[in-house]
> 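Take this structure, written in structure tokens, and hold onto it; I'll ask about it next.
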Amino acid sequence: MTHEVFNQAPPLAGHDVAADAALVEALEREGAGWAAGDLHKLGLRAGTAETSRWADEANRYEPRLLTHDRYGHRLDEVDFHPSWHRLMDVAVSEGLAGAAWADPRPGAHVARAAGFYVWSQPEAGHACPISMTYAVVPALRNNAELAARFEPLLTSRSYDPGLRTPASKGGLLAGMGMTEKQGGSDVRANTTTAVASADGTWLLTGHKWFTSAPMCDLFLVLAQAPGGLSCFLVPRILPDGTRNTFRIQRLKDKLGNRSNASSEPEFDRTVAWLVGGEGQGVRTIIEMVSMTRLDCVIGSASGMRAALVQAIHHAKHRSAFGGPLIGKPAMRNVLADLAIESEAATVLTMRLAGAVDRAVRGDRAEQAFRRLAIPVGKFWVCKRQPAVVGEALECLGGNGYVEDSGLPRLYRDAPLNSIWEGSGNVQALDVLRAIHREPESLEAFFTEVAAAGGADRRLDEAVRDLRAQLAEKSDPEVRARRIVERMALVLQGSLLVRHAPAEVADAFCASRLGGDWGHTFGTLPAGVDTASIVERAAPA
């Protein structure tokens, strides 16, 4: 009798990860309803026990750096567990890397964002090279010749790993090398040098501090040319089949994101091609940065959703103190609060994806909106992920603290997106910079928020308060985080008031905007329909 197992939740498997009301509604609203069928197929695959096993193995058996072969020749390769490759294969074949740039259908980038959100839930680490491959395409278009040569392979749905001549492969992956040990986010402090060659190429010399996914085929890299900081494309394998100098000094021993290799490569007369104008490095690579920032928002919303689903599933099947956990008012308040946070992140994520989709098709108003809304979303949604995952883990108690549950991996991964592509201060200051230099972006932001004007008193008051904060000119950097946080909450509130069920929007406005909230999750005010909110968020 001591080994009889009862009152334990069954494994969460066999469900459709895409059966997420907030996601599916936003998919239709943002112009990609045509992708719903494929999204649900991907969701069913993401919910299988097999995919869960791939995720576990990709993290349990971490990538290994192979610097030399047995004879002493440099290899500078990374060996991944087969499960990593299976995750990557699905992501690329489902069009989550660069394929959206080759898809002329309106909503293609929205469909890709939804797929990225779904497929990142079982395992987030492999999403890094998928994201960078997606993001490199618009930056590469600053060099028409390079774009014509490589874009068809970057937008391919063929996963073709291994270092070989790019032209011989069915598909390519791309990364980027920006930060250096003395600079970090201050990329203008980079000391990697670029010297022009007679054949039109450039030779780079320097040491990058944090270059993820070094097994990629191509990298966008910043280096100091005579004309200033410039952007270059570095291939791992040169057109003649020889290996470019890309000496991987070590792999980083990271808190999370363990399935993904992050490296320190050294360049020594490494061959590169100039992308964009000399001295225009930041301006050239900024489009890639913007796209990876979008994916940080998607990834954090995805991680929140993954943790929430585990918490609700556990509470549905676990009994304590005389009844199911999900029926206990205190627990239901926690779950509903987490569900509101998750839905707010999801609707904002999909709105940003919609803005990107319409902006790349020439919509100037959406171009202005995304300029401000992406760093606002990156700041806030990525900051919320660690708190959400930590609270969800607590819902499982000791069952969530063990590795087998998957929650510890979600928890270790949670801080990453807030750091990658610019930490919180970088995002907040970028928002202030955009407001000052591109006032049309602030106008577009308030136009979006005003679409819910008059629908909720608390939202209207929050908008007036935000305008007052923006009008105040003293100590803008000191107040930067407060301002951007308020912008994010106002934008989320507007989206929820317009598009979410009344009980979700009302609870969000009461707690996040109206101040009827504590300092922890599970402090929603009395009268909130927590049962309906939790049921809406529950895994199907």
> Between the side chain of W517 and the main-chain N/O of A510, is any donor-acceptor distance below 3.5 Å?
no

> Do R293 side-chain atoms and E421 backbone N/O form a donor-acceptor pair below 3.5 Å?
yes

> Please examine the side chains of V347 and R29, heavy atoms only from C-beta on, and report whether any two atoms are closer than 4.5 Å.
yes

> Is it true that a side-chain atom of D337 and a backbone atom of F521 form a donor plus acceptor pair closer than 3.5 Å?
no

> Would you call E123 and W54 a side-chain contact if the rule is heavy atoms closer than 4.5 Å?
no

> CG/D456 to SG/C509 distance, rounded to the nearest 0.5 angstrom?
4.0 Å

> For a side-chain hydrogen bond (donor to acceptor under 3.5 Å, both in side chains) with R112, tell me which candidate from D295, D357, D103 qualifies.
D295

> Let me confirm one number: the CG-CZ distance from N425 to R481, rounded to the nearest 0.5 Å.
4.0 Å

> Specify whether W84 and F80 have parallel, tilted or perpendicular ring planes, treating 30° as the upper limit for parallel and 60° as the lower limit for perpendicular.
parallel

> Checking the side chain of R318 only, and the main-chain atoms of N7 only, is there a donor and an acceptor separated by less than 3.5 Å?
yes

> Looking at D404 and R409, is there a salt bridge between them, counting it only when a charged N and a carboxylate O are closer than 4.0 Å?
no

> Is it possible for you to check whether K252 lies under 6.0 Å from the centre of the six-membered ring of W209, through NZ or CZ, and within 45° of that ring's axis?
yes

> Less than 4.5 Å apart, side chain to side chain, heavy atoms only: is that true for D516 and S511?
no

> Could you tell me if the side chain of M88 sits less than 4.5 Å from the side chain of I130, heavy atoms only?
yes

> Is any side-chain heavy atom of R164 closer than 4.5 Å to a side-chain heavy atom of I237?
no

> Could you pull out all residues at least two apart from S120 that satisfy side-chain contact (heavy atoms from CB on, under 4.5 Å)?
F116, A127, S302

> Identify whether the distance between the nearest side-chain nitrogen and carboxylate oxygen of R536 and E343 falls below 4.0 Å.
yes

> Has the side chain of Q427 got a donor or acceptor atom that lies under 3.5 Å from a matching backbone atom of G422?
yes

> Is there a donor-acceptor pair closer than 3.5 Å between any side-chain N or O of T133 and the backbone N or O of L173?
no

> Does a side-chain N-to-carboxylate-O contact under 4.0 Å join K208 and E180?
yes

> Are L489 and F508 side-chain neighbours, meaning at least one heavy-atom pair lies under 4.5 Å?
yes

> So, does T530 use its side chain to make a donor-acceptor pair with the main chain of R332 at under 3.5 Å?
no

> Does the pair R45/E50 count as a salt bridge with the N-to-O cut at 4.0 Å?
no

> Is the backbone N or O of S52 less than 3.5 Å from a side-chain atom of D56, with the two atoms forming a donor-acceptor pair by type?
no

> Using every non-hydrogen atom in the two residues, find where L410 and G303 come nearest and quote the distance to one decimal.
CD2-O, 4.3 Å

> Any salt bridge between D413 and K254, counting N to O under 4.0 Å?
no

> Any sub-3.5 Å donor-acceptor pair from S93's side-chain atoms to V90's backbone N or O?
yes

> For C395, which of L325, L335, I326 qualifies under side chain to side chain contact (heavy atoms under 4.5 Å, CB included)?
L335

> Can you find a pair of side-chain heavy atoms, one from F219 and one from T211, that are under 4.5 Å apart?
yes

> What pairs of donor and acceptor atoms, side-chain ones from residues 309-317 against any protein atom, are under 3.5 angstrom apart with sequence neighbours left out?
unit_1 : atom_1 : unit_2 : atom_2 : d
H313   : NE2    : P10    : O      : 2.7
H317   : ND1    : H313   : O      : 2.9

> Are any of the side-chain heavy atoms of R247 and D76 separated by less than 4.5 Å?
yes

> Would the distance check show the side chain of T51 and the main-chain N or O of T48 forming a donor-acceptor pair, the cut-off being under 3.5 Å?
no

